[in-house]
Amino acid sequence: MTLIPGPIDPPARLLMGPGPISAYPSVLRAMSAPLVGQYDPFMTATMAETQQLYRGVWSTANDATLLVDGTSRAGIEAALISLIRPGDRVLVPVFGRFGHLLAEIAERALAEVHTIETAWGQVFPVSVIEEAVVRVKPTLLALVQGDTSTTMNQPLDEVGAVCAKHGVLFYTDATASLGGNAFEADEWEVDAATAGLQKCLGGPSGSAPITLSDRAVEVVRSRARIEAGIREDGDASAADFVRSNYFDLGMILDYWGPRRLNHHTEATSMLYAARECARVLLREGRDAVIERHRVAGAAMLAGVQGLGLEVFGDLGHKMNNVVAVEIPAGVPGDAARAALLEDFGIEIGTSFGPLHGRVWRIGTMGYNAREDAVLTTLAALEAVLRRFGATVPAGGGTDAATDVYRAARA
């Protein structure tokens, strides 16, 4: 006889790692709203409303601002596979794990991939990027904004102008940074950008906001091919069509656009979640949310330093929303993380590659970019460090973090 389990009943967790994070309660409520058909007037109106909300989130007037159904990686792959023709030269500056990911996806899109690298914990001066652009002569530059593997925030404000000067498309992955750090799609001359909900936007993984400039849309449209089953007379069918059906941004644009041309069945509950993430951010105020992330990040940084812990990387270019903490000598990193989870219900992260087992990554983002979450995490971390033999100042973490919040309120 098959044992039928009970209803899903997850344990209570405070997700203070590099993502996913605890979602805003209103986002979870939005996901429980009733489903409607994909062409119901309410559905299409909600899609259009969500597009307008994300124009505010991205700070853009781009008409081609929408969602790709899937995790943040789905958005990355849709952008790269739709913008890269086989044989195109693509330049990827790598300063952490996710630069390597962009290079791999570009390679799978049959690009001629060129990379430049800097040490993990550092970012690229714009002069280094421009030198590589001039040398490589790429069709597209693919650059991560905030790489959670290193916690670094790559400055983008001058990169778009460099790309425009040299006739290069500029794509950036803002998965970990959008909503908690400055992002100005139009002002920075970004051609394509993608993100996810599960970081600073305060939702679940499963929907990827994307925005495309007119230049990017022109490339996508030049590769248009509509499925035979729904193709109409006069529809383009490029020989150099996008070599993916699901991630073909041309068809996705037609699905979200006036034609509402069938492509897939919209993930209704995720649409509701994405809409609510954007609504919450814009209702609070985009600048106010970024400032909330800045203060929470500064408080967590001061708190771990107040416990006597070393912080990894160039702090002048750290993201607002995550800090990498060097694991103290003699403290078993994985065992300490497990104790935080099992005894306090708090999750923090480790890292990848050369940083695996060397640092913990502690996030302060979305719903958890708030004072009580920061102080609770620091108090629990202090207790766990003591348990594993580390000598830390009593109350050093919470006192330092509280000082940051008091100064911010002054």
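Just so it is clear, the model here is predicted, and its values are computed rather than measured.
Ionic pairing of Lys165 and Glu189 is not present here: no N-O contact between side-chain nitrogen and carboxylate oxygen is shorter than 4.0 angstrom. Using a cutoff of 4.0 Å between basic side-chain nitrogens and carboxylate oxygens, Glu77 and Arg73 are not scored as salt-bridged. For the pair Glu291 and Arg294, the salt-bridge criterion is met [side-chain N within less than 4.0 Å of a carboxylate O].
Arg85 and Ser222 form a side-chain donor-acceptor contact under 3.5 Å, judged by distance and modelled atom types alone. Side-chain contact, Thr172 with Gln145: no donor N or O sits under 3.5 Å from an acceptor N or O.
Under the side-chain hydrogen bond (donor to acceptor under 3.5 Å, both in side chains) criterion, Glu232 pairs with Arg259, sequence neighbours left out. Annotation: salt bridge (Lys or Arg N to Asp or Glu O under 4.0 Å) contacts of Arg231 (sequence neighbours excluded): none. Remark: Asp214 engages no residue in a salt bridge (Lys or Arg N to Asp or Glu O under 4.0 Å) (not counting sequence neighbours). Here Glu227 pairs with nothing under the salt bridge (Lys or Arg N to Asp or Glu O under 4.0 Å) rule; sequence neighbours left out. Among residues two or more places apart in sequence or in another chain, the side-chain hydrogen bond (donor to acceptor under 3.5 Å, both in side chains) test is passed with Thr377 by none.
Proximity of Thr364 to His293: side-chain heavy atoms (C-beta onward) are nowhere separated by under 4.5 Å.
How far OH of Tyr272 is from OG1 of Thr46: 6.5 Å, rounded to the nearest 0.5 Å.
For Tyr405 (side chain) and Val295 (main-chain N/O), no donor-acceptor pair under 3.5 Å exists by modelled atom type.
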Can you list, pair by pair, the side-chain donor-acceptor contacts under 3.5 Å of residues 251-258, counting residues two or more places apart and other chains?
from, atom 1, to, atom 2, distance (Å)
Asp254, OD1, Arg221, NH1, 3.1
Asp254, OD1, Arg221, NH2, 3.4
Tyr255, OH, Gln38, OE1, 2.7
Tyr255, OH, His264, O, 3.1
Tyr255, OH, Glu266, N, 3.0
Trp256, NE1, Leu67, O, 3.4

